[in-house]
Amino acid sequence: MAIRIGVIGGGVFGEIHLQTFSQCQRDGKCELVALADVNEEILAKRKQQYGVKTYVDYKEMLARENLDGVGVVTPDPMHLPMVLDALDAGCHVLVEKPMDVTVEGCEKMVAAARKAKRLLEVDFHKRFDPYHIALRDAIAAGKLGKPLYAYAYMENPVYVPRDWWPAWVHRSSPAWFLGSHFIDLYRWVIGRKNGLRVYASGSKNKLKSLGVDTYDCIQAKIDFEDGISLNLDTGWVLPSEFAAIVNQGIRVIGTEGILEIDSQNRGAEGCLAGEKYATLNLGFKLYSQDKWGNPRYSGYGFESIADLVENIAFLKSGGSLEQLDGKYPDGRDGTEVTRILCAVHESVATGKLVEIKR
Ligand SMILES: NC(=O)c1ccc[n+]([C@@H]2O[C@H](COP(=O)([O-])OP(=O)(O)OC[C@H]3O[C@@H](n4cnc5c(N)ncnc54)[C@H](O)[C@@H]3O)[C@@H](O)[C@H]2O)c1
């Protein structure tokens with residue numbers, strides 16, 4: 001029986017969910033049934049692009065469409081009610097990062113998923129990047145010895161916070177939007193350790209001068225269990241002319257080794273007609289076409305979303321949630337990332353070192 005998928009939120013990143021599930025549909029793995037969004041213009045456009053049924057009220061979509069799985073791709077502070085309602089309707093859920101902007105909200109989601117016996121997956125796509133998988137495997141094989149410390153950075157050009165989400169950018173930050181990815185990645189490669197304490201600082205300068213009330217940058221030093229630490233720089237003010245939409249990388253040092261990954265410049269760069277000089281992160285999204293002219297996407301940005309369909313197929317064929325445990329970014333991982341990020345923002349606000357309570 002086909003796996004019926006719906007999406008809540010059809011904006012900038014909702015389109016990546018729609019592209020992914022459309023491809024899964026062409027591959028016979030699921031049926032992309034419906035999209036819910038409060039913006040009727042977006043609904044009309046996506047209906048034309050993806051042939052989905054559309055709903056202004058996501059609750060109506062959940063009530064009518066008998067969905068197996070739902071992607072929640074609404075603004076960061078709005079995920080909670082949609083995730084709870086989707087689980088309550090019996091759906092498996094893939095929620096965008098950050099899972100929620102409060103620990104309490106995350107814990108409610110985890111409890112609801114447990115009660116409903118449904119999958120709660122978080123779209124932490126860094127885990128699906130083959131370069132990062134190599135990092136995890138090197139650490140797991142002891143090739144770095146005992147991990148000690150790391151440095152990670154993730155930055156967007158200024159047009160991302162300035163132009164993309166005028167309605168909710170003031171409720172986000174470079175740490176929420178970007179840092180969540182690398183905190184999850186680092187936890188994953190060091191064996192899902194918990195955060196112990198955080199010191200962070202941030203600055204409101206350029207974006208404020210442009211009328212955007214959020215941080216230009218947030219830098220955090222995060223201590224994890226077992227004497228392992230992470231220095232994380234996140235920023236939202238690279239020049240618009242910067243060669244890519246994301247600048248990012250990670251280096252991890254252990255007692256016996258070091259591995260450094262430029263997660264942005266994978267060696268493909270150039271200047272295409274009518275475009276600026278750019279580096280192409282083909283690891284995230286590699287576009288090609290099948291012989292019928294249909295788009296084909298590959299890359300970690302797509303695989304992490306398609307993983308919802310893979311997991312539902314596994315469960316429908318008789319597999320259990322217990323068997324999947326640890327094999328995807330789950331609600332506990334999302335909760336821990338949010339717990340650390342709440343401490344990061346508390347430290348920025350107070351100027352103090354924050355001990356993480358649990
Ligand atoms: N995984 C990634 O790399 C990645 C990248 C970009 C964004 N994101 C995350 O995806 C989420 C969405 O980001 P975006 O860039 O698509 O934002 P966006 O503002 O472009 O899209 C959000 C959509 O949600 C819709 N919406 C708002 N309230 C709604 C409601 N009550 N019911 C239904 N729809 C509603 C809006 O109309 C809008 O179309 C955020 O959590 C963001 O952090 C993740």
Side-chain angles (χ1 to χ4, degrees), residues 6-20 34-47 49-50 52 54-62 70-86 93-102 105-106 109 121-129 132 154-157 159-185 214 234 236 244-246 248 263-264 281 283-285 299-308 329 334 337-338 341:
V7 174
I8 305 176
V12 175
F13 213 71
E15 180 155 34
I16 306 283
H17 282 237
L18 292 168
Q19 288 174 343
T20 305
L35 167 70
D37 198 298
V38 286
N39 182 325
E40 302 212 30
E41 255 175 61
I42 285 187
L43 287 181
K45 191 171 164 194
R46 302 296 187 223
K47 185 182 186 123
Q49 291 171 297
Y50 299 98
V52 280
T54 55
Y55 289 88
V56 175
D57 180 355
Y58 77 88
K59 290 187 186 182
E60 194 184 335
M61 176 180 84
L62 294 175
V70 171
V72 175
V73 206
T74 49
D76 296 359
M78 299 179 65
H79 297 163
L80 179 60
M82 290 146 194
V83 169
L84 295 182
D85 288 335
V93 173
L94 173 69
V95 58
E96 267 309 323
K97 45 71 4 197
M99 185 172 154
D100 187 51
V101 289
T102 67
C106 292
M109 291 183 196
E121 181 157 7
V122 189
D123 185 21
F124 287 131
H125 60 216
K126 298 274 168 262
R127 296 187 188 194
F128 292 76
D129 182 334
H132 299 153
M154 193 166 179
E155 295 143 348
N156 287 132
Y159 57 78
V160 170
R162 188 192 60 203
D163 303 342
W164 282 16
W165 329 278
W168 59 277
V169 67
H170 61 286
R171 299 178 72 186
S172 185
S173 75
W176 280 118
F177 186 69
L178 301 170
S180 47
H181 275 305
F182 272 96
I183 293 172
D184 178 70
L185 175 67
T214 188
T234 59
W236 256 352
I245 202 163
V246 189
Q248 53 185 337
S263 308
Q264 172 47 42
N281 179 2
F284 176 80
K285 178 180 183 177
Y300 63 85
F302 287 80
E303 280 151 31
S304 66
I305 297 170
D307 197 52
L308 175 71
V337 170
T338 290
L341 280 167

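Indexing begins at 1, ligand by ligand and atom by atom, following the structure's order. Bear in mind the structure is a predicted one, so any value in this text is a computation, not a measurement.
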How far is atom 38 (C) of ligand 1 from the closest protein heavy atom, and which atom is that?
Asp37 OD2, 3.5 Å

Just to be sure I read this right, does ligand 1 sit under 4.0 Å from the backbone of Ile42, its side chain, both, or neither, counting only heavy atoms?
side chain

Identity and separation of the nearest protein heavy atom to atom 3 (O) of ligand 1
His125 CE1, 2.9 Å

Between the side chains of Arg127 and Asp184, is the shortest nitrogen-to-carboxylate-oxygen separation below 4.0 Å, so that they form an ion pair?
yes

Pick from Ile42, Val7, Ile8: which one makes a side-chain contact (heavy atoms from CB on, under 4.5 Å) with Asp37?
Ile42

Could you check whether any side-chain heavy atom of Val337 comes within less than 4.5 Å of a side-chain heavy atom of Phe124, counting everything from C-beta outward?
yes

Parallel, tilted or perpendicular for Phe182 and His132, by the 30°/60° rule?
perpendicular

Under 4.0 Å between heavy atoms, the region of Phe13 that gets near ligand 1 turns out to be both

Report the nearest protein non-hydrogen atom to atom 29 (C) of ligand 1: residue, atom name, distance rounded to 0.1 Å.
Val38 CG2, 3.6 Å

Suppose we call two aromatic rings close when their centres sit under 6.0 Å apart. Are Trp165 and Phe177 close by that rule?
yes

So, is the end of the Lys285 side chain (NZ or CZ) under 6.0 Å from the ring centre of Tyr300 and within 45° of the ring's axis?
no

Check each atom of ligand 1 against the heavy atoms of Pro75 and keep those under 4.0 Å away; list them by number with element.
22 (C), 24 (O), 27 (C)

Backbone or side-chain N or O of Tyr58 under 3.5 Å from ligand 1 N or O
no

N or O contact, Trp164 vs ligand 1, cut-off under 3.5 Å:
no

Find all atoms of ligand 1 within a distance of less than 4.0 Å from any non-hydrogen atom belonging to Gly11, and give their numbers and elements.
16 (O), 20 (O), 21 (O), 23 (C), 39 (O)

For Phe124, state whether at least one heavy atom is located under 4.0 Å from any atom of ligand 1.
no

For ligand 1, which atoms, with element, lie under 4.0 Å from some heavy atom of Asp123?
1 (N)

If we only count N/O pairs under 3.5 Å, is Val12 in contact with ligand 1?
yes

Check each of Thr74, Ile305, Asp57, Ile8 against atom 11 (C) of ligand 1 and report the one with the nearest heavy atom.
Thr74

When Thr54 is tested against each of Met61, Lys45, Glu40, Lys47 for side-chain contact (heavy atoms from CB on, under 4.5 Å), which residue passes?
Lys47

I need the nearest protein heavy-atom contact for atom 1 (N) of ligand 1: residue, atom name and distance, please.
Glu96 OE1, 2.9 Å

For the student: nearest non-hydrogen atoms of Arg171 and Pro77, plus distance
NH2-CB, 3.5 Å

